[in-house]
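Before any comments, here is the structure.
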Amino acid sequence: MQVVTSPRRITELMKALRNQGKSIGLVPTMGALHDGHASLFRESLKYNDITVVSVFVNPMQFNNQDDFNNYPRPFAQDKKILESLGVDVLYAPSEKEMYPESPLVNLDFGVMAEIMEGAFRPGHFDGVGLVIAKLLNQVSPDKAYFGLKDLQQFLLISRLVKDLSFTSEVVGLPIIREKSGLAMSSRNMRLSDVGLQLAANIYTGLEFAQKNISDGFDVDETKLAVFDFYSRIDGLEVEYLEFVNPDDLSAIEPRISPKDVAICVAAYVEGIRLIDNIYLRQD
Ligand code: PAF
């Protein structure tokens with residue numbers, strides 16, 4: 001596996017590989033890799049000649065300095081995982097290389113970034129959009145892979161690519177879960193065993209919500225029932241629970257039982273912020 005740290009070098013390397021007719025898959029990550037990431041790497045390895053994984057904890061997308069400082073950075077372990085899976089290139093630029101100057105460009109995703117993650121993490125998606133635009137320019141992959149745990153992020157990146165005419169195809173892959181149902185996340189590393197058990201209730205609540213909607217209960221009734229379920233779990237604090245259109249995150253009329261819905265939640269366990277979602281499509 002080649003390790004590249006300079007944006008100029010990655011662009012040159014990718015150009016050379018493309019000239020040899022190789023297809024390129026990019027998986028952007030912030031490291032602290034787990035099986036959820038591995039499913040993205042495997043998909044890229046399957047459909048592309050070359051798989052590039054970027055590991056970069058992007059300061060521009062953190063609105064909380066403590067969260068940025070405490071974000072896990074097990075780089076040596078990540079490198080081993082990538083090598084063992086057969087990833088071709090690890091791209092790990094430093095902050096200085098990625099942002100030699102404080103960027104002037106500020107992306108604004110409008111209403112799509114004003115709800116859920118955008119509402120509780122102001123500026124988060126501007127930072128995600130910026131780093132993804134830079135990575136797509138630096139690597140120019142044929143395909144770029146993202147996990148659907150970050151559903152809002154996936155939809156915003158899809159719009160970024162469309163609106164700015166990037167030629168890469170954006171691929172979203174299903175959430176990978178622990179046996180307990182807990183969605184895999186780098187942040188899970190910071191939970192104790194008890195915390196991990198508590199956090200599994202996030203998914204139980206989502207399944208309950210999904211069942212209520214498919215049984216014909218409306219959004220308002222379901223929200224109340226799920227909030228009630230979560231409120232009984234000591235140590236779990238819900239930040240938001242939203243029922244939105246899974247294609248564009250638009251609001252769903254509260255007094256209907258929708259056919260298609262994405263139910264999205266953010267909650268704190270042991271001070272760690274976790275997100276998850278579930279889709280219901282009844283076509
Ligand atoms: O989902 C993440 O890990 C990050 O938001 C991403 C897409 C790598 C951008 O920094």
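The analysis underlying the following values was restricted to heavy atoms, covering all of them including side chains, and did not include hydrogens, waters or symmetry mates. These numbers were taken from a predicted model, which means no experiment stands behind them. If you read the sequence from its start, that first residue is 1, and numbering goes on from there. Each ligand, and each atom within it, is numbered from 1 in the order the structure gives.
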Candidates H37, Q153, E117; heavy atom nearest atom 2 (C) of ligand 1 found on Q153
* To do: Answer yes when R159 and D248 have at least one side-chain N-carboxylate O distance shorter than 4.0 Å, and no when they do not.
  =>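 A salt bridge is absent here (no side-chain N lies under 4.0 Å from a carboxylate O).
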among protein heavy atoms, the one nearest atom 10 (O) of ligand 1 is Q61 OE1, 2.6 Å
Residue, atom and distance of the protein heavy atom nearest atom 3 (O) of ligand 1 read M30 CG, 3.7 Å
One finds that the ligand 1 atoms under 4.0 Å from a non-hydrogen atom of V131 are 9 (C), 10 (O)
Extract all donor-acceptor atom pairs below 3.5 Å that involve side chains of residues 118-126 and protein atoms in other chains or at least two apart in sequence.
| from | atom 1 | to | atom 2 | distance (Å) |
| --- | --- | --- | --- | --- |
| H124 | ND1 | Q61 | O | 2.8 |

For residues 6-18, the side chain to side chain donor-acceptor pair (under 3.5 Å) pairs (sequence neighbours left out) are none
Can you hop from V4 to L17 via hydrophobic side chains spaced under 4.5 Å?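 Result: yes, single cluster for both.
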Under 4.0 Å between heavy atoms, the region of T29 that gets near ligand 1 turns out to be backbone
Parallel, tilted or perpendicular, as decided by the 30° and 60° cut-offs, for the rings of F56 and Y99 |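 Tilted, since the angle between the ring planes falls between 30° and 60°.
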